[in-house]
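Counting starts at 1 for both ligands and their atoms, following the listed order.
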Amino acid sequence: MNTQPLPSVADEADSIHDVLVIGAGFAGLYGVHRAAKAGLDVLGIEAGEDVGGTWYWNRYPGARCDVESIDYSYSFDADLQDSWVWTERYAAQPEILSYLRHVAERFELAERFRFSQRVVSAHFDEESATWLIGTDRGEQHRARFVMFATGCLSAVNKPDILGVDDFAGEVLHTAQWPADGVSFTGKRVGVIGTGSSGIQAVPIIAEEATSLTVFQRTANYSVPMPNRPLSAEERQQLREEYPARRAKCYYAPSATPYDSYPKAALEIDEDERIAALEARWRAGGVLFGKTFPDQNSVLAANDHARRFAEAKVWALVTDPQTAADLIPVDHPIGSKRICTDIGYFETFNRDNVRLVNLRREPITAITSTGITTTDASYELDTLVYATGFDAMTGALTRIDLRGARGKHIREVWAEGPITYLGMTIPGFPNMFNLSGPGSPSVLANMVLHAEQQVEWIVDLIVSCTANGIAEVEPRQDSARNWTDHVTEVADTTLFPQANSWYMGANIPGKKRVFMPYIGGFGNYRRMCDQVQADSYTGFVLTERS
Ligand code: NA7
């Protein structure tokens, strides 16, 4: 927990910072560091007691990143990159949190943050061209520019089920997990949700609990995570390869160094296809979702990968009805974020684990003692919600965020999030949203993505400061064109066919639109660089006397 002395609130309310950064995750920490390094007066605000963002909140058992640790780490400082030792190929939550604490300490970032306060309002004051930010502690802070580094998977989704507040036992959400951990020993546990979080937590909870009941609304595709410790020799080799690896990632579609199979699935014969799928399955993780270049755009190509993954489930799960229930029936493989597991399907062979298919027997109510479905009552001691997030837009739309002329973000985004370059919003001058809708975001390695955006934004703020620009705002037409482009590119893929959180489909009433930019991180970076090189085309830059 951060214990650094902070300026008094009274001091704060009167001063105008150059930049406010909201959030102390990967993006926010680097935002503060980069802005401070550029000589800007920067203040960070964070809802948690400490740094970490996603990795602070998601402490559920089994939480692990599905991008390799050596890629899912900062590249901006060679000494940091060289000196930090990742112990596993895919880092678990505690190690990523330790890494972020180390970064905060190394670059003296924690003292620039006010912790344990959640931003509840952000209003643009046209008179002074500044943002006024209010927190749930009653503090107010003012700045010329604001960066929302509030995460795309941070606004927790707890479903509105009849009787949701009636359960008398322990209630947990994977994204609000107690720091002290939870004991499942001797407990009858229920987990609602089978996305990445549920799929990671289930095998571990099953080992400890007396019984585990998994309530599944939609089956998900999941690929084994080939995790293992990294040996000293491997680490040495990786260190030597790092510069070339990073250089490739900076312009790669997902900001990771892997390519798809060199031929399309439909160009090759069955033997070659199976060999390629098997190799990719063994390589493991989310990469299976793009084994072939045509896999996410041509349904027939996707079907090959889908059938291959389904055969794996049949081979792993003993009970035929359970195996059938665990196989998705409603979306192409990869069009919902593919999950990465350690022993998920095998867990359903345990005597103490059962799967409830909510498509066959929907939940009718949560009661004081458990969950009632149309077919049965399940008695529980502990109820775990692994029900995800109001992704990509929720962190902004849930606060009182008003831009110029008092326009609320909920009004401006009512028909889906409109952005320019995924970072800026028309009507919201001097405001930047990191990893937001309209950027590659969740489709890329989020750490390198955060570095790219932060550097671009800080360059823009420095340029405005140097040139007497008081306000920078994207033009309405440039935002419209960008957002249309985001949709057009998505429409060339199979992704819009799934009821995913990418589409906002998991939140009742949310506009159905594919939110991240699927045109590739490298292409996105080039476009951002071009806008900068062209003196910020698409923006209105306003001087003030
Ligand atoms: P996800 O992937 O959004 O998964 C949430 C799960 O919760 C999913 O299986 C949902 O089923 C289920 N859910 C949500 N609401 C309900 C209700 N009302 N009843 C039953 N089941 C429900 O969130 P995660 O936290 O697992 O992962 C989010 C991302 O974090 C992940 O993709 C990685 O990028 C990291 P549904 O599919 O909506 O039918």
Taking the minimum heavy-atom distance to atom 18 (N) of ligand 1, which of Pro159, Pro508, Ala63 ranks first? Pro159
If you measure from atom 8 (C) of ligand 1 to every heavy atom of Val156, Asp330, Thr194, Ile507, which option wins on shortest distance? Thr194
Can [X] be said to touch ligand 1, with heavy atoms closer than 4.0 Å?
{"X": "Arg359", "value": "yes"}
{"X": "Leu358", "value": "yes"}
{"X": "Gln200", "value": "no"}
{"X": "Phe215", "value": "no"}

Nearest 0.5 Å, what's the CZ-CD1 distance between Arg118 and Ile45? 12.5 Å
State the atoms of ligand 1, each with its element, that fall below the 4.0 Å cut-off from a heavy-atom position in [X].
{"X": "Ser197", "value": "24 (P), 25 (O), 26 (O), 27 (O)"}
{"X": "Ile192", "value": "20 (C), 21 (N)"}
{"X": "Gly193", "value": "6 (C), 7 (O), 9 (O), 12 (C)"}
{"X": "Thr218", "value": "36 (P), 37 (O), 39 (O)"}

[X], any N or O under 3.5 Å of ligand 1 N or O:
{"X": "Arg217", "result": "yes"}
{"X": "Lys336", "result": "yes"}
{"X": "Ser196", "result": "yes"}
{"X": "Ile161", "result": "no"}

Taking heavy atoms and a distance under 4.0 Å, where does [X] meet ligand 1: side chain, backbone, both or neither?
{"X": "Thr387", "answer": "both"}
{"X": "Gln216", "answer": "neither"}
{"X": "Ala175", "answer": "neither"}

Considering all heavy atoms, the nearest Met515-Met503 contact: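 Minimum heavy-atom contact is CE-C, 4.5 Å.
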Non-hydrogen atoms of Ala110 and Phe115 that approach each other most closely: O-CE1, 3.5 Å
Ring-plane angle category for [X] and [Y], please: parallel below 30°, perpendicular beyond 60°, tilted otherwise.
{"X": "Phe26", "Y": "Tyr99", "answer": "tilted"}
{"X": "Phe514", "Y": "Phe495", "answer": "perpendicular"}
{"X": "Tyr261", "Y": "Phe292", "answer": "perpendicular"}

Just need the protein heavy atom nearest to atom 4 (O) of ligand 1, so name the residue and atom and give the distance.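 Ranking protein heavy atoms by distance from atom 4 (O) of ligand 1, first comes Gly195 CA, 3.5 Å.
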Heavy atom of the protein closest to atom 3 (O) of ligand 1 (residue, atom name, distance):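 Answer for atom 3 (O) of ligand 1: Trp501 CD1, 3.4 Å.
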Worked verdict on Phe432 versus Val454 for side-chain contact (heavy atoms from CB on, under 4.5 Å): CA-CA 9 Å; Phe432 302 95; Val454 161; over 6 Å; no
Should Thr291 and Phe308 count as side-chain neighbours, where that means a heavy-atom distance under 4.5 Å?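 No - every pair of side-chain heavy atoms lies 4.5 Å or more apart.
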Heavy atoms, side chains only, cut-off 4.5 Å: are Trp413 and Thr419 in contact? yes
Sidechain-backbone polar pair: Glu451 side chain, Phe76 backbone, donor-acceptor under 3.5 Å: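 A pair under 3.5 Å: yes.
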Here's one to test your reading of the geometry: is the NZ or CZ of Arg525 within 45 degrees of the ring axis of Tyr251 and under 6.0 Å from its centre?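 Yes - Arg525 lies over the ring of Tyr251, closer than 6.0 Å to its centre and within 45° of its axis.
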